[in-house]
**Student:** 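Here you go, one structure.
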Amino acid sequence: MKNCEVISADFFNVSPLTVARQLLGCLLVRVLEGERLVGRIVETEAYGDLGDPACHVIARDRRIWGLLSGPPGRLYLHRSYRFALLNIVCEPPGVPGCVLVRAVEPISGLATMARLRRGAKALTNGPARLVEAFAIAEDWDSSPLPRPEFWLEADEPPSADRILNTVRIGLKRGRELPWRFAVRDNPWVSKRIRENALVEVEL
DNA sequence: AAGCGGATCGTCT
DNA sequence: GACGATCCGCTTG
């Protein structure tokens, strides 16, 4: 994929593990009142692939199951506590799966992001924080990418030796699976790194 | 720097 | 009535 190319549905027509890794380095672009907010993806997690214990929680909801099993490239705004978390549906139709964007490095529009975060210091180093900083609306849920005011762009990927692969964090079920990906030593990666849980995965 | 408890709300039992 | 794919502020060392 070429740099600056807008990412379309076929990018997501594969395993969430592949998407989660390939999304590192890509750009999140949001046009808000004429201003471009841009962030580089530095942390992701794969969800809902076959045999995912965390997926069984999701599967209880028919609507969400239908969304995750539907066509790739659609937004899934997962609700946890009072927050919405940004996911993108993966896999061909009929196979459930999605990728959670956990953290981005702010590139431009930082002042606006700070305003949207209501002055909080932590701008985009957390899944709920970045949704707020990019003014991602909950009624975008299940809509396809790209949107006129929100899309993803390919950009320089981190070299393989800078990609960190660990277990997912913040959940109770399926926490042993090494389905979290992050850019090593990037200061915008969300805090709770568990280096000792580092696992090598064949992709 | 790290660990805690409370906030808060839609969905499911 | 209980539970989260979380965040924030307050406590310790």
Side-chain angles (χ1 to χ4, degrees), chain A residues 12 15-21 23-24 28 39 41-70 72 74-91 95-106 110 113-142 152 164-183 185-197 199 201:
Chain A
F12 300 98
S15 158
L17 287 167
T18 303
V19 175
R21 195 191 52 163
L23 233 32
L24 293 178
L28 226 59
I41 297 174
V42 295
E43 184 181 357
T44 58
E45 282 178 351
Y47 276 91
D49 206 345
L50 266 32
D52 183 1
C55 188
H56 289 215
V57 182
I58 295 163
R60 288 203 296 251
D61 189 315
R62 281 189 66 121
R63 189 195 72 82
I64 294 172
W65 184 252
L67 174 57
L68 294 183
S69 306
R74 288 188 170 169
L75 297 179
Y76 163 45
L77 296 176
H78 177 76
R79 278 199 72 97
S80 180
Y81 297 84
R82 65 182 186 285
F83 305 105
L85 313 183
L86 174 65
N87 292 256
I88 300 145
V89 177
C90 301
E91 302 271 23
V95 184
C98 66
V99 164
L100 166 70
V101 181
R102 281 197 63 89
V104 305
E105 172 183 351
L110 274 72
M113 292 181 195
R115 178 174 58 78
L116 289 164
R117 290 279 294 129
R118 282 161 285 161
K121 278 186 179 176
L123 240 45
T124 56
N125 57 338
R129 291 169 179 158
L130 72 90
V131 164
E132 229 174 42
F134 279 75
I136 292 167
E138 224 170 317
D139 59 10
W140 296 357
D141 185 54
S142 81
L152 274 63
L164 198 63
N165 176 221
T166 71
V167 297
R168 295 177 293 188
I169 58 181
L171 25 75
K172 294 221 168 116
R173 301 175 178 218
R175 51 165 44 157
E176 72 285 356
L177 296 169
W179 288 358
R180 173 173 181 243
F181 298 85
V183 178
D185 297 330
N186 187 292
W188 293 95
V189 168
S190 64
K191 286 296 176 198
R192 292 178 287 173
I193 291 272
R194 291 203 269 158
E195 290 270 3
N196 56 353
V199 187
V201 174

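Protein chains get the first letters and strands the later ones, always in sequence-line order, with residue 1 at the start of each.
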**Student:** Keeping the roles fixed (side chain from Asn165(A), backbone from Arg180(A)), state whether a donor-acceptor pair exists under 3.5 Å.
**Tutor:** yes

**Student:** For the pair Asn87(A) (side chain) and Leu85(A) (backbone), establish whether a donor and an acceptor sit closer than 3.5 Å, ignoring hydrogens and angles.
**Tutor:** yes

**Student:** Quiz question: by atom type and distance under 3.5 Å, do the side chains of Glu43(A) and Ser190(A) form a donor-acceptor pair?
**Tutor:** yes

**Student:** Donor-acceptor pair, distance only, cut-off 3.5 Å: does the side chain of Arg117(A) make one with the backbone of Met113(A)?
**Tutor:** no

**Student:** Please report the distance, rounded to the nearest Å, between CD1 in Ile64(A) and C1' in dA5(C).
**Tutor:** 12 Å

**Student:** Within the 4.0 Å heavy-atom criterion, would you say Arg118(A) contacts the bases, only the backbone, or no part of the nucleic acid?
**Tutor:** nothing

**Student:** Can you tell me the distance, in whole Å, between the CD atom of Glu132(A) and the C1' atom of dC7(C)?
**Tutor:** 9 Å

**Student:** Let me know the distance between CD of Glu138(A) and C1' of dT11(B), rounded to the nearest Å.
**Tutor:** 13 Å

**Student:** Could you state the NE2-P distance from His78(A) to dC7(C), rounded to the nearest angstrom?
**Tutor:** 12 Å

**Student:** Quick check on dC8(C): is either OP1 or OP2 less than 4.0 Å from any side-chain nitrogen or oxygen of Arg129(A)?
**Tutor:** yes

**Student:** Starting at CZ of Arg79(A) and ending at P of dT8(B), how long is that distance when rounded to a whole Å?
**Tutor:** 14 Å

**Student:** DNA chain C: Leu85(A) or Ala120(A), which has the more 5' nearest nucleotide?
**Tutor:** Leu85(A)

**Student:** Leu77(A) CG to dC9(B) P: how many Å, rounded?
**Tutor:** 18 Å

**Student:** Rounded to the nearest angstrom, tell me the gap between atom CH2 in Trp65(A) and atom P in dT11(B).
**Tutor:** 19 Å

**Student:** Answer yes or no: is there a donor N or O on one side and an acceptor on the other, between the side chain of Thr124(A) and the main chain of Val104(A), under 3.5 Å?
**Tutor:** yes

**Student:** For Leu171(A) and for Arg117(A), locate the closest nucleotide of DNA chain C by heavy-atom distance; then report the residue assigned to the nucleotide nearer the 5' terminus.
**Tutor:** Leu171(A)

**Student:** Using both distances under 3.5 Å as the test, list the Watson-Crick or G-U wobble partner of dA5(C), or none.
**Tutor:** none

**Student:** Would you indicate which nucleotide in dA5(C), dG4(C), dC7(C) comes nearest to any side-chain atom of Pro127(A)?
**Tutor:** dC7(C)

**Student:** Identify which nucleotide among dC8(C), dC9(B), dA5(C) has an atom closest to any side-chain atom of Arg102(A), counting heavy atoms from C-beta outward.
**Tutor:** dA5(C)

**Student:** For dT8(B), what is the paired nucleotide under Watson-Crick or G-U wobble rules, both distances under 3.5 Å?
**Tutor:** none

**Student:** Report yes if the ring of Phe83(A) lies under 5.5 Å from the six-membered base ring of dT6(C) with planes under 30°, and no otherwise.
**Tutor:** no

**Student:** Atom CZ of Arg82(A) and atom C1' of dG6(B): how far apart are they, to the nearest Å?
**Tutor:** 10 Å

